[in-house]
Protein chains: 2
Amino acid sequence: MPVAELPITATGGCCAPATREPLSAEKAQTLARSLKAIADPARLRLVSIVAASGDGEVCVCDLTEPVGLSQPTVSHHLKVLVDAGILHREKRGTWAYFSLVPGALDSLAGMLSTV
Amino acid sequence: MPVAELPITATGGCCAPATREPLSAEKAQTLARSLKAIADPARLRLVSIVAASGDGEVCVCDLTEPVGLSQPTVSHHLKVLVDAGILHREKRGTWAYFSLVPGALDSLAGMLSTV
DNA sequence: CCACCATATCGACGTTTGTCAATGTCTGTG
DNA sequence: CACAGACATTGACAAACGTCGATATGGTGG
């Protein structure tokens, strides 16, 4: 499930109870899936490289060498990140350009700190 | 490595360059290790239950039933969370009480959103 | 001291994950 | 059209992971 579709927990609301409700099994499942997508050193570095790039767009050929992994492996990691809604893929001609989905990481971070 | 020991990235500093440096392999490795610790539905629920408890302390016997897992499995997950610096274990008599390490999840969330 | 209870550890098992080589697909070029 | 280059997909394999039953440990109460 893309990060953007994850339900936001009770924004606003003046009277949150002192003891919150624990996560349901389903919400824990979906949140864990998103976190698993980013909880990998290679994928963290890939996301980091995309985020650090000046124009916010990187093609696979620019990613293979910095992480020191084969092209199929990098492609696999990118697919995981795209499926999780963290990266966006845009194919132009022969190349595929990847960019950060705005707010995706922040959304994940927010849900993590309110678990 | 406990979350508390993870280096904080460049707090302050007025002149961060426009394009940040990508994560080093070592930092990606340690951050991934911490994220993996929390990126599991059972562990998310365990942390959630501890966080939602009124007095902030829960013993294992109170955790086994809500997550629907065997006692050894719950004990294993709790060990992972303690080793990651997310939960704190205090043994009093026969029982072991678990509590959230203050700021651990927030620290993780912060590093996640600045990757 | 012995039996009991809560918890931790061990050993085993099936599943998932990360990785690569080989191959497929599509696009631009000679 | 044939070829080359960029990327995706497939298949295979080892390593890591989640889970449980059995067992060990260590404090409590009779």
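Per chain, numbering begins at 1; letters A, B, ... match sequence-line order.
Residue contacts for B:K79: at a heavy-atom cut-off of 4.0 Å it reaches the sugar-phosphate backbone alone, with no base atom in range. Using a 4.0 Å heavy-atom distance criterion, B:R92 is classed as making no nucleic acid contact.
With sequence neighbours left out, B:Q29 forms a side chain to side chain donor-acceptor pair (under 3.5 Å) with no residue at all. Listed by chain and number, the residues in a side-chain contact (heavy atoms from CB on, under 4.5 Å) with A:P72 are A:S70 (sequence neighbours excluded). Applying the side chain to side chain donor-acceptor pair (under 3.5 Å) criterion to A:T64, with sequence neighbours excluded, gives no partner residue. For the salt bridge (charged side-chain N to carboxylate O under 4.0 Å, His left out) test, residues two or more places apart in sequence or in another chain that qualify with B:K79 are B:D83.
With a heavy-atom cut-off of 4.0 Å to chain B, the contacted part of DNA chain D has its first and last nucleotide at D:dG18 to D:dT28. Along DNA chain C, the stretch of nucleotides lying under 4.0 Å from any heavy atom of chain B spans, 5' to 3', C:dA6 to C:dG18.
For DNA chain D, the residues of residues 62-77 of chain B within the heavy-atom distance limit of 4.0 Å (strictly under) are B:L69, B:S70, B:P72, B:T73, B:H76, B:H77, sorted by number.
Listed by first and then second residue, the salt bridge (Lys or Arg N to Asp or Glu O under 4.0 Å) pairs that reach into residues 104-115 of chain A come to none, sequence neighbours excluded. The stretch residues 64-74 of chain B participates, sequence neighbours left out, in no salt bridge (Lys or Arg N to Asp or Glu O under 4.0 Å) pair at all. Counting only residues at least two apart or in different chains, salt bridge (Lys or Arg N to Asp or Glu O under 4.0 Å) contacts with residues 37-51 of chain B are absent.
Under the 4.5 angstrom side-chain criterion for Ile, Leu, Val, Met, Phe, Trp and Tyr, the cluster partners of B:Y97 are B:W95. Connectivity analysis of hydrophobic side chains (ILVMFWY, heavy atoms under 4.5 Å, direct or indirect) links B:V80 to nothing; its cluster partners are none.
Projected onto DNA chain C by closest heavy-atom contact, B:F98 and A:K36 fall at different nucleotides, the more 5' of which corresponds to B:F98.
With B:T114 contributing its side chain and B:G110 its backbone, the two residues share a donor-acceptor pair below 3.5 Å.
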